Number of protein chains: 2
Amino acid sequence: MARVNLERRAAIGEAKRARTRAAILEAARACYAAPEPVSATVDAVTQAAGVAKGTFYLHFRDLPALEAELGETLIAELSERLEPARLAVVNPLTRMATAVTILLRDLAAAPAQARLAARAAVMLPDVAKAVQARLRGDLADAQAAGLLAVGSVDLAVRIVVALVEQASSLFSTSRIDATAIPDIVRAVLRAMGCPPGDAANRTNEAALNADAFAQRTSAVTGVVS
Amino acid sequence: MARVNLERRAAIGEAKRARTRAAILEAARACYAAPEPVSATVDAVTQAAGVAKGTFYLHFRDLPALEAELGETLIAELSERLEPARLAVVNPLTRMATAVTILLRDLAAAPAQARLAARAAVMLPDVAKAVQARLRGDLADAQAAGLLAVGSVDLAVRIVVALVEQASSLFSTSRIDATAIPDIVRAVLRAMGCPPGDAANRTNEAALNADAFAQRTSAVTGVVS
DNA sequence: TTTCAAATTGACCTTATAGTCATTCTGACA
DNA sequence: TGTCAGAATGACTATAAGGTCAATTTGAAA
């Protein structure tokens with residue numbers, strides 16, 4: 001009887017395995033983004049993915065492990081979405097305003113994504129941390145340039161995060177729509193210390209920047225049902 | 001054998017009953033205000049109260065029913081704490097700033113109370129609604145007086161709530177202390193549309209108002225361990 | 001067509017929590 | 001001091017969720 005090539009054999013299942021793993025991740029995204037909070041359980045995820053419960057544990061140690069991976073994906077997507085525009089804007093406050101505008105537009109356009117983001121910010125500290133790191137950089141620059149009225153950069157970061165998270169939560173429940181975005185961005189800038197007129201100007205500039213970098217939205221938001 | 005007076009008999013246990021009920025409510029407060037989020041379960045509450053599980057169900061239909069009652073108590077306490085100062089301030093934005101200052105000072109002084117408030121705002125929508133009703137009144141007045149840069153009163157309310165909730169959460173984890181309060185109040189006022197200088201003036205005025213109404217703090221915050 | 005390592009399955013176990021109820025305890029009154 | 005309605009108890013059931021594993025299915029290679 002002919003010998004079986006074990007290494008070859010070991011590679012056979014990889015495609016199938018990868019497909020199942022992706023299905024579980026995708027189902028988890030859908031669960032976390034569901035309109036009424038489906039409690040994110042292993043049973044719910046596996047049922048949504050159409051696989052048996054045991055299969056879950058072949059691919060992830062437990063639910064937190066899956067959440068961590070999902071979080072990394074979200075961070076990568078956010079980064080890919082925001083960095084190009086951020087790199088193109090020199091003034092730190094306008095840069096921050098541009099990123100906030102793009103982010104809020106995406107969230108307004110995709111409530112499911114907004115729900116996912118809102119929950120990720122609460123449940124996945126790493127996602128929040130990664131976003132805040134960039135924000136902290138911008139605000140530290142602003143402080144160095146004498147543009148920041150808030151005493152500590154850390155507090156300024158918290159203020160921006162609070163406003164964006166609130167907006168995200170309002171988008172996710174459709175209590176506001178995209179037309180409120182400039183109002184929110186102006187409020188963020190004013191909170192940072194911009195005089196009202198200056199805040200309005202920067203918000204307009206941020207909107208133009210966001211227009212210029214508006215391509216590829218679907219690549220990010222199209223994934224979630 | 002002498003007859004027993006049944007109506008009289010029915011009233012016998014009332015004091016005992018009321019004491020047990022109060023103990024359960026108090027234990028629930030402690031659970032919700034615990035440093036690391038003790039999951040609020042019937043078992044946890046009854047154990048903290050030193051009563052058997054069945055006793056809980058003699059006094060409350062279920063956990064949501066207890067939470068609703070706890071929420072009403074919190075609303076009443078907040079109202080008692082904030083209304084006197086609010087009634088004394090004429091300008092709506094300064095009134096709002098005064099209320100925010102008093103609230104944040106209380107929360108800074110009592111982390112357990114801050115934790116309770118932070119969780120109540122998320123878990124007990126009625127508490128949040130009641131507070132927001134007052135806030136909405138102030139901000140509607142401000143809009144009528146042309147003091148509001150935010151387009152909709154509703155959005156303005158959300159912005160203030162977001163900032164106060166973020167602050168509450170930071171107090172509850174001791175990531176900021178009371179010295180940050182003026183910074184936060186100024187940021188709130190600026191977000192509403194006050195020019196930076198005006199925001200600073202109103203914040204100072206609010207601090208003086210808060211000083212004047214600083215009595216009785218212990219009556220509110222002393223309850224929670 | 002047969003083989004077999006890997007992938008998958010789902011019944012089963014464990015733990016945590018909600019909620020019930022027959023039984024026991026308590027204490028003011030007769 | 002004995003009575004007994006009401007208060008309290010805690011063992012009990014039911015359910016939901018995490019996690020395991022012996023048995024079954026899959027599919028490329030032989």
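Note that the coordinates shown come from a computational prediction; the quantities given were computed from them, not determined experimentally. Basis for what follows: all heavy atoms, side chains included, without hydrogens, waters or symmetry-related copies. Numbers restart at 1 for each chain; the letters A, B, ... are given by sequence-line order, proteins then strands.
- For residues 175-192 of chain B, the side chain to side chain donor-acceptor pair (under 3.5 Å) pairs, not counting sequence neighbours, are B:D177-B:T179, B:D183-B:R186.
- Between B:E26 and B:R21 there is no salt bridge, since no side-chain nitrogen of the basic residue lies less than 4.0 Å from a carboxylate oxygen of the acidic one.
- Nearest to the side chain of A:Y57, among D:dG18, C:dT20, D:dA8, sits D:dG18.
- Out of C:dG19, D:dT9, C:dT8, the shortest distance to the side chain of A:T55 is found at C:dT8.
- Nucleotide C:dA6 holds its P atom 18 Å from the CZ atom of A:R19, rounded to whole Å.
- Of the candidate nucleotides D:dA7, C:dT9, C:dA7, D:dA7 has the atom nearest to the side chain of B:K16.
- Of the candidates C:dT9, C:dA18, C:dT8, C:dT8 carries the atom nearest the A:T20 side chain, counting heavy atoms from C-beta on.
- Residues from residues 58-71 of chain A with heavy atoms under 4.0 angstrom of DNA chain D, sorted by number: A:D62, A:L63.
- Smallest separation of non-hydrogen atoms from B:P111 and B:F171: CB-O, 4.4 Å.
- You'll find the side chain of B:F213 stays beyond 4.5 Å of the side chain of B:R81, heavy atoms only.
- Here the closest heavy-atom approach between residue B:I102 and residue B:A210 is recorded as CG1-CB, 3.7 Å.
- Side-chain contact, B:R134 with B:S79: a donor N or O sits under 3.5 Å from an acceptor N or O.
- For the contact set between residues 40-48 of chain A and DNA chain C, defined by any heavy atom under 4.0 Å, there are no members.
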- Show your reasoning for whether side chain to side chain contact (heavy atoms under 4.5 Å, CB included) applies to A:V160 and A:Q132. CA-CA 9 Å; A:V160 176; A:Q132 287 174 32; over 6 Å; no
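- Nearest approach of A:T203 to A:P182, heavy atoms of both residues: CG2-O, 3.7 Å.
- Atom-to-atom, NZ of B:K53 to P of C:dA16 comes out at 12 Å; the value is rounded to the nearest Å.
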